[in-house]
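Okay, structure first, notes after.
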Amino acid sequence: MTEKTVEIKILGKTIQAKVGETIVHALWAAGMAESVKTGCAGGVCGACTVSLRYSDGRLGGTELACMKPVEAGMEIFPCSVEADNPVRPVVQPELSHLQS
């Protein structure tokens, strides 16, 4: 049995995606993992934020690619995300350190 697929676009490139999978999983399966940044892949960090529009004129919006299932005619535009500077752990930090 063949899985049903839909056509979506990422930055103008058309790919096939399995119905029910998230945008991130569709991009990973298509070998386009670098197209959308990911952090937690669980809807918390926001690194995979994308803007959407639809070829049939439906309103798009902003979504998390790790949470949003693909839909036919979806056009995806990644939001640029800057890498965050890592913070070194501090054992028993002072309140002023935590506030900074």
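Residue numbers run from 1 in the order of the sequence given. Just so you know, these numbers use all the heavy atoms, side chains as well, and skip hydrogens, waters and symmetry mates. It should be emphasised that the depicted structure is a prediction, and the values quoted were computed from it without experimental measurement.
In the hydrophobic clustering of this structure, Y54 groups with L11; members are Ile, Leu, Val, Met, Phe, Trp, Tyr whose side-chain heavy atoms approach within less than 4.5 Å, directly or through other members. Cluster membership check: I10 shares its hydrophobic cluster with V50, using side-chain heavy-atom separations under 4.5 Å among Ile, Leu, Val, Met, Phe, Trp and Tyr. Note on L52: it clusters hydrophobically with M32, by side-chain heavy-atom contacts below 4.5 Å among ILVMFWY residues. Connection of V70 to M67 is not established within any shared hydrophobic cluster, with ILVMFWY side chains joined at heavy-atom distances below 4.5 Å, either directly or through further cluster members.
Across C45 and G39, no two heavy atoms sit closer than the pair SG-CA, 3.7 Å. Closest approach of C66 and G43 over heavy atoms only: SG-N, 3.2 Å. Here the shortest heavy-atom pairing between I15 and A30 reads CD1-CB, 3.9 Å.
Between E75 and K9 there is no salt bridge, since no side-chain N of the basic residue sits under 4.0 Å from a carboxylate O of the acidic one.
No more than 12 heavy atoms of other residues, nucleotides or ligands lie within 6.0 Å of CD in E94, so this atom counts as exposed by the packing criterion.
R58 meets the side chain to side chain donor-acceptor pair (under 3.5 Å) test with D56, E71; sequence neighbours excluded.
When the options L27, V36, I23 are evaluated for a side-chain contact (heavy atoms from CB on, under 4.5 Å) with P78, the one that passes is V36.
Considering only heavy atoms from C-beta on, E7 comes within 4.5 Å of Q16 through its side chain.
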